[in-house]
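Residue numbers start from 1 in every chain, and the chains themselves are labelled A, B, ... in the order their sequence lines are given, proteins ahead of strands. Here the structure is a predicted model, which means the values were calculated and not measured.
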Amino acid sequence: MRKKLYNCIMPKVKVNGKIIEVEKGSRIIDFVHDRQYFAAQIDNELRDLSTEITQDCALKLIDITTEHGKRIYWHSTSHIMAMAVKELFQEAKLAIGPAIDQGFYYDFEVDKPFSPGDLEEIEKKMREIIKKDIPFEHIFLEKKAARDFFQNRQESYKIELINEIPEEKISLYRNGDFTDLCRGPHVPKTGFIGVFKLLSLAGAYWRGDVQQKMLSRIYGVSFPTEEELADYLEKIEEAKKRDHRKLGTELELFSIFEEAGAGMVFWHPKGAILKRIIEEYWMDEHIRAGYEIVSTPHIAQSTLWHRSGHFDFYRDHMYTLSVADQEYVLKPMNCPGHILIYKSKIRSYRELPIKYAELGTVYRDELSGTLHGLLRVRSITIDDAHIFCRPAQIEEELCKALKLAIKMLNKFGFEHLRIDLSVRDLNQRDKYMGSDEEWERAEQGLISALNRVGLDYTRQEGEAVFYGPKIDIKLLDALGREWQATTIQFDFNLPKRFTIEYMDQDGIHKEVIVIHRAIYGSLERFIGCLIEHYGGAFPLWLAPVQVMVMPITSKENKYAEQILKKCIGRGLRAKIDEKSEKINYRIREAEIKKIPYIFVVGPKEVEKKTVSVRQRGRKDLGEMELKKAFNLIKTEQGGEN
RNA sequence: GCCGGGAUAGCUCAGUGGUAGAGCAGGGGUUUUGUAAACCUCAGGUCGGGGGUUCGAAUCCCUUUCCCGGCUCCA
């Protein structure tokens with residue numbers, strides 16, 4: 001009786017803020033007909049639209065505009081792609097197919113990797129599947145049944161995944177004959193996917209493990225409308241215009257020559273001056289912050305690298321050479337050099353902290369497939385420093401280092417920083433050097449420094465290197481890919497290997513704390529990110545050429561040369577363009593080269609002893625006295641000149 | 001290193017078995033120009049390197065270097 005009464009109650013459902021009454025047991029899709037919504041969130045849980053409503057609840061309908069929405073949409077598209085692949089290539093084995101930040105991928109094991117031609121076939125098949133509007137059915141199987149199911153289909157990767165699922169009920173999704181292991185949720189039917197594009201092919205190891213089989217990965221992206229897809233593709237095209245490799249050539253900043261070898265950067269004058277400015281700023285900040293500048297050789301005897309342990313754990317990346325029958329190593333890191341300087345005499349606790357800094361160029365034999373313009377090279381200028389301190393100084397030093405890093409990154413306009421705290425995997429303690437006490441103290445130090453500086457960070461379990469925990473700060477390139485710049489790392493390895501000590505107040509030799517830290521990370525990578533960050537339009541203080549002086553006709557050349565001289569005397573990086581091209585042509589050229597200021601001088605200016613100033617992005621600012629132009633430049637943000 | 005795709009003039013690209021092309025950039029000339037492209041003209045490439053197939057190769061095959069997108073690695 002009571003049950004019956006209960007059955008009559010119409011659950012009240014708050015849908016995106018509006019309350020409606022629905023029949024008990026009805027599915028969300030029964031009362032939500034707007035096709036832009038394809039999933040729902042009930043009490044913070046993402047659900048399919050086939051979810052039955054049995055009681056009062058609040059639900060938020062999900063569309064493509066939210067992060068969750070994108071993920072669901074793309075994940076569903078990846079299922080459709082996998083379905084298409086299975087129809088075209090029966091022997092393909094399914095691995096995994098998640099949504100990612102900008103789309104989705106699916107990994108398959110196939111005898112012959114896919115070719116670009118295959119993608120067209122797959123796209124065609126996908127369009128058919130979408131047109132058929134096949135429902136996504138959520139089904140559950142007992143673990144054993146699920147295993148048998150995939151065993152019958154010879155989907156060994158799925159079985160491997162099932163074996164790692166703790167729950168007994170295994171969640172799967174079915175579209176017609178295609179069934180995939182999946183937590184969901186999904187769009188209700190394949191027809192909910194509007195337009196999509198398969199973007200690229202790649203090899204990918206199963207579980208990212210080099211020892212495992214290489215799978216074929218297909219990347220793609222999807223959107224409700226053609227416009228959104230076109231927008232997305234256009235955004236990528238726009239981003240490619242900021243590619244530092246493209247701008248590096250256009251702005252004559254650097255080259256990498258096939259003849260010289262991969263990963264070796266040759267800085268042209270404009271790039272070299274940019275690098276120099278960045279180095280000078282670094283030098284200035286470091287000397288102010290109590291660092292002492294050191295300089296160490298590029299090669300050292302291999303015995304040093306045996307002692308440091310690099311021969312044991314970094315051999316694959318090292319270039320060795322023989323010099324007068326001795327084996328030498330082209331330095332892959334600066335640390336041993338700095339340690340030798342530290343160890344050159346007995347150190348008192350009074351001297352600590354000692355902070356040695358060096359813009360040291362190191363050489364690493366990086367895997368050829370990983371090289372990427374300036375962002376991954378083999379000759380790497382690291383803005384390296386080693387902080388030697390007492391345990392009691394750890395937190396203070398970390399704080400200072402972090403503050404310095406943030407200050408310097410902000411100076412270059414990097415505001416939104418992705419910060420990671422990498423700690424050890426507690427289940428694999430034997431993988432790491434150092435005692436529990438050392439690890440805990442270091443980790444605490446890193447955390448409290450992060451808190452004191454007020455930084456948000458992500459804790460990365462098991463991402464620490466074997467010799468200590470670390471903080472990393474990542475920069476983004478034009479396409480949103482992350483590149484590690486700043487790193488602050490503890491080292492529990494080198495102090496022991498080199499017995500680096502200090503004489504403490506109590507007259508006892510104690511092991512010193514060693515913290516490695518780099519702010520730019522590598523000058524090459526940093527400049528690569530910087531070029532993309534500014535799209536080549538560097539702020540005044542970084543611009544390789546700050547002012548271009550342009551006489552309108554050759555009659556003004558003499559006056560223009562005087563102006564140029566005054567600019568240079570003023571410390572500005574200025575050039576003159578006396579080509580007999582029209583002024584429009586030369587202005588266009590200077591704009592393309594992204595020069596911040598153009599001083600145009602014609603008969604008027606000669607007569608009135610003025611210049612006409614054109615500022616990048618703001619066009620003609622009109623005629624003014626040179627003094628006023630200099631003041632204008634001086635007041636421009638970051639323009640110390 | 002692995003998987004896929006590439007490499008043609010300084011740059012961007014066209015050219016799929018029959019005498020290597022365009023635009024921009026560069027040199028010379030004309031033009032003396034007022035805030036994003038004046039005009040004429042010239043030069044420039046053993047088609048990334050090496051080997052092979054062919055009467056004949058930029059084009060087909062092999063190999064190697066380098067580049068691009070990923071995987072992996074990492075600053």
- Query: What about A/S612, does its side chain sit under 3.5 Å from the base of B/G34 through a donor-acceptor pair?
  - Reply: yes
- Task: Please confirm whether A/F196 and A/F104 have ring centers closer than 6.0 angstrom.
- Result: no
Name the pairs: protein N/O against N/O of nucleotides 12-15 of chain B, kept only if under 3.5 Å.
none

- Query: Can you tell me how far P of B/G34 sits from CG of A/N584, to the nearest Å?
  - Reply: 7 Å
- Message: Can you confirm whether more than 12 heavy atoms, excluding those of A/Q460, are under 6.0 Å from its CD atom?
- Response: yes
- Message: Could you identify the nucleotide paired to B/A25, looking across every strand shown and requiring Watson-Crick or G-U wobble geometry with both distances under 3.5 Å?
- Response: none
- Task: Please name the pair of heavy atoms, one in A/L446 and one in A/L398, separated by the smallest distance, quoted to 0.1 Å.
- Result: N-CD1, 3.6 Å
- Would you say A/E607 has more than 12 foreign heavy atoms packed within less than 6.0 Å of its CD? no
- Nearest non-hydrogen partners of A/R242 and A/L247, listed with the distance: O-CD1, 3.4 Å
- Would you mind pulling out the nucleotide paired to B/A7, Watson-Crick or G-U wobble, both distances under 3.5 Å? B/U65
- For a side-chain hydrogen bond (donor to acceptor under 3.5 Å, both in side chains) with A/W206, tell me which candidate from A/Q211, A/E109, A/E160 qualifies. A/E160
- For A/I576 and A/P551 the tightest heavy-atom approach is CG1-CD, 4.3 Å
- Message: Students often get this wrong, so: under 4.0 angstrom with heavy atoms, is A/D620 touching a base, only sugar-phosphate, or nothing?
- Response: base
- Task: Answer with base, sugar-phosphate or nothing: what part of the nucleic acid does A/K604 contact at a heavy-atom distance below 4.0 Å?
- Result: base
- Message: With a sphere of 6.0 Å drawn around NZ of A/K93, does it hold more than 12 non-hydrogen atoms of other residues, nucleotides or ligands?
- Response: yes
- Item | Gap in Å between the two C1' atoms, one belonging to B/U16 and one to B/C61, rounded | 15 Å
- Considering residues, nucleotides and ligands other than A/K593, do more than 12 of their heavy atoms fall under 6.0 Å from its NZ? yes
- Query: Roughly, in whole Å, what's the span from NZ in A/K593 to P in B/A37?
  - Reply: 17 Å
- If pairing requires Watson-Crick or G-U wobble contacts with both distances under 3.5 Å, which nucleotide is the partner of B/U53? none
- Note on the structure: A/K555 NZ to B/U31 C1', in whole Å, measures 11 Å
- Under a 4.5 Å cut-off applied to non-hydrogen side-chain atoms, are A/R376 and A/E524 in contact? no
- Mate of B/C2 where both pairing distances stay under 3.5 Å, Watson-Crick or G-U: B/G70
- Item | Separation of atom CD1 in A/I592 from atom P in B/A36, rounded to whole Å | 12 Å
- Task: Please confirm whether any donor atom in the side chain of A/E259 sits under 3.5 Å from an acceptor in the base of B/G49, or the reverse.
- Result: no
- Query: Just how far, in rounded Å, is C1' of B/C11 from CG of A/L251?
  - Reply: 13 Å
- Between B/U41 and B/A22, how far apart are the P atoms? Round to whole Å, please. 13 Å
- Query: When you compare B/G1 with B/C42, how far apart are their C1' atoms, in angstrom units rounded to a whole number?
  - Reply: 49 Å
- Query: Parallel, tilted or perpendicular: which describes the rings of A/F412 and A/Y281, with under 30° parallel and over 60° perpendicular?
  - Reply: perpendicular
- Out of B/U32, B/A38, B/A37, which has the shortest distance to the side chain of A/K582? B/A38
- Message: Distance check, P atoms only: B/A36 and B/G70, in whole angstrom units.
- Response: 37 Å
- Do the side-chain N or O atoms of A/R614 get closer than 4.0 angstrom to the phosphate oxygens (OP1, OP2) of B/G34? no
- Message: Protein within reach of the bases, or only the backbone? For nucleotides 67-75 of chain B, mark each nucleotide 5' to 3' as B, S or -, using heavy atoms under 4.0 Å.
- Response: SSBBBBBBB
- Nearest to the side chain of A/P116, which nucleotide is it out of B/G4, B/U32, B/A38? B/G4
- Message: Expressed as a whole number of angstroms, how long is the span from A/D316:CG to B/G1:P?
- Response: 12 Å
- Query: Rounded to whole angstrom units, what separation is found between the CZ atom of A/F257 and the P atom of B/C11?
  - Reply: 10 Å
- Give the ring-plane orientation class for A/Y520 versus A/F526, where under 30° counts as parallel, over 60° as perpendicular and anything between as tilted. tilted
- Query: If you measure from the P atom in B/G49 to the same atom in B/U54, how many Å do you get, rounded?
  - Reply: 22 Å
- Nearest-Å distance once atom C1' is located in both B/U53 and B/A57: 10 Å
- Task: Have a look at A/Q211 and say if it touches a base, only the backbone sugar-phosphate, or nothing, with a 4.0 Å heavy-atom cut-off.
- Result: nothing
- Trace of the salt bridge (Lys or Arg N to Asp or Glu O under 4.0 Å) decision for A/D420 with A/R418: CA-CA 7 Å; A/D420 288 329; A/R418 159 81 194 268; 3.1 Å; yes
- Message: If I take atom CZ in residue A/R616 and atom C1' in nucleotide B/U35, what distance separates them, rounded to the nearest angstrom?
- Response: 16 Å
- How is A/E581 classified with respect to the nucleic acid when contacts are heavy atoms under 4.0 Å: base, sugar-phosphate, or nothing? base
Tabulate protein N/O versus nucleotide N/O from nucleotides 22-25 of chain B, keeping only pairs under 3.5 Å, one per line.
| from | atom 1 | to | atom 2 | distance (Å) |
| --- | --- | --- | --- | --- |
| B/A25 | OP1 | A/Y585 | OH | 2.7 |

- Item | Check: A/F89 ring centroid to A/F108 ring centroid under 6.0 Å | no
- Message: Please determine whether any donor N or O and acceptor N or O are separated by less than 3.5 Å between the side chain of A/S580 and the base of B/U32.
- Response: no
- Between B/G23 and B/G5, how far apart are the C1' atoms? Round to whole Å, please. 26 Å
- Item | Gap in Å between the two C1' atoms, one belonging to B/G26 and one to B/G44, rounded | 9 Å
